[in-house]
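One structure is given here, and the rest of the page talks about it.
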Amino acid sequence: MAARNSSTSDRGGADPGRGGVNSAQAREIDRTLFAAPGAAELTRLSAVDTVRARVLLSIEHALLAPGSKLPKTELLAAGLEVSVITARRGLESLVDDGVLVRRRGRGGGTFVADDPPHLNDSAVTAYRADADAIRLLIDQRSLMESAIVAEAALQATPEQCDELDSLIQASADAADWHEHHIPDTRFHRLVAEISGVPEVPTYLACYGGLTKYFVPYPQEQLEEGRDHHRRLVTALRDHDPLAAVEVTRLHVDALRREMFVGLEETDE
């Protein structure tokens, strides 16, 4: 098991990865979730380290190209589900390391360096140490999400399906991954709420745990996932739980090749 860091996340009230539950509920969910196979093996990194690891891995796997511009800090923070202060600290540390550069004036901002150094970063090492646990957590999400969408298919109203469609459109209209991640996360949480099953808080904890390991992707590579969501909404409108489960398993299974653990297997 990887060593744990006691500074797990920005916690001031409800945790965005917990679907708005209160702190007492979040502690109970953590106790339950981190006793389960997979999640029990995850490293507890500080929020700043998660910013560093995710940006570095995205650069390493050419998802963020040399010279490319990062979004504004506020948007990046929302996409990575950390505070603006945390995002700023993580980016500043990468500027200090020469991985990112700041440019002033019109057209300025934060950019990937033209020739970023390859760092032997402890946060990235910790992420890689969690690879097997992440795969088990994907299994857990697949099982829980399958049960949730099956029930949601029996409960969904036309108005709720319209709201889900609007979130898919917001994802498609996003300028980049960070902006896409906001409606994408809301989509999954709304489906869970529609289901009404009592296990929703624990599912959202599993979902939130995995999102902390997502790395920014080019927007053009996200269309397959949006197509899965469109097919899921069609299944919900048709009250077809079998079709909903089928597309959900396909959607979650894609994580095995799209998360950094899958990208590194492809690189081998």
Side-chain angles (χ1 to χ4, degrees), residues 2 4-23 25-27 29-30 33-34 39 42-61 63-64 68-97 99-100 102 109-112 119 121-128 130 133-134 137 141 170-171 174-189 201 204-217 219 222 255 259-260:
R4 293 189 176 183
N5 186 315
S6 60
S7 178
T8 61
S9 62
D10 300 287
R11 293 210 174 181
D15 186 325
R18 300 296 191 263
V21 301
N22 63 39
S23 58
Q25 288 174 312
R27 285 194 297 272
I29 291 167
D30 273 347
L33 179 66
F34 284 97
L42 294 178
T43 302
R44 304 283 195 114
L45 284 175
S46 72
V48 172
D49 280 340
T50 68
V51 173
R52 286 181 59 88
R54 293 164 78 175
V55 172
L56 286 169
L57 283 164
S58 192
I59 293 171
E60 183 176 330
H61 292 292
L63 301 173
L64 283 174
S68 61
K69 186 177 181 179
L70 272 65
K72 291 183 178 180
T73 304
E74 293 78 8
L75 184 55
L76 185 142
L80 297 181
E81 297 190 17
V82 298
S83 70
V84 174
I85 293 174
T86 293
R88 185 173 295 116
R89 288 175 59 196
L91 295 180
E92 287 174 350
S93 71
L94 292 173
V95 170
D96 291 342
D97 289 334
V99 175
L100 303 178
R102 302 275 196 195
T110 305
F111 295 78
V112 179
L119 302 181
D121 191 82
S122 60
V124 173
T125 300
Y127 262 44
R128 289 194 168 110
D130 286 351
I134 290 168
L137 200 54
R141 175 178 163 182
S171 165
D176 54 35
W177 179 90
H178 299 277
E179 189 175 336
H180 140 86
H181 181 67
I182 299 168
D184 183 71
T185 297
R186 289 175 181 165
F187 180 95
H188 286 281
R189 290 176 181 167
L204 290 175
C206 173
Y207 175 82
L210 269 176
T211 63
K212 290 179 173 61
Y213 288 82
F214 288 175
V215 297
Y217 252 79
Q219 174 72 319
L222 301 172
L255 295 177
M259 293 185 72
F260 78 90

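Residue numbers start at 1 and run along the sequence shown.
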Min side-chain heavy-atom separation T211-F214 under 4.5 Å: yes
So how far is it from L56 CG to D49 CG, rounded to the nearest 0.5 Å? 10.0 Å
Do the side chain of D176 and the main chain of E179 share a donor and acceptor less than 3.5 angstrom apart? yes
Mark yes or no for whether T86, through its side chain, and V82, through its backbone, hold a donor-acceptor pair below 3.5 Å. no
Closest non-hydrogen atoms of L137 and G209, given as atom of the first, atom of the second and distance, are CD2-C, 4.3 Å
Going by atom types only, do R102 and T110 share a side-chain donor-acceptor pair under 3.5 Å? yes
For residues L222 and S171, determine if any side-chain heavy atom of one lies less than 4.5 Å from a side-chain heavy atom of the other. no
Less than 4.5 Å apart, side chain to side chain, heavy atoms only: is that true for L119 and R52? yes
Closest non-hydrogen contact found for A87 with T73 is CB-CG2, 4.0 Å
Hey, could you give me the CG/CH2 distance between L75 and W177, rounded to the nearest 0.5 Å? 10.0 Å
Report yes if the side chains of M259 and V215 come closer than 4.5 Å at any heavy-atom pair, otherwise no. no
What's the separation between atom CZ in F260 and atom CZ in R128, rounded to the nearest 0.5 Å? 7.5 Å
Rounded to the nearest 0.5 angstrom, the CD1-NZ distance for I134 and K212 is 12.5 Å
Does the side chain of R141 reach to within under 4.5 Å of the side chain of H188, using non-hydrogen atoms? yes
Could you measure the distance from the CZ atom of F187 to the NE2 atom of H180? Nearest 0.5 Å is fine. 11.5 Å
Grab the two heavy atoms, one from P71 and one from L76, that are nearest each other, plus how far apart they are. CG-CB, 4.1 Å
Do E81 and R54 meet the salt-bridge criterion of a basic N to acidic O distance under 4.0 Å? no
Test your reading of the model: is there a side-chain donor-acceptor pair from T50 to the backbone of A47, 3.5 Å cut-off? yes
Could you state the interatomic distance from CG (L100) to OG (S68), rounded to the nearest 0.5 Å? 9.0 Å
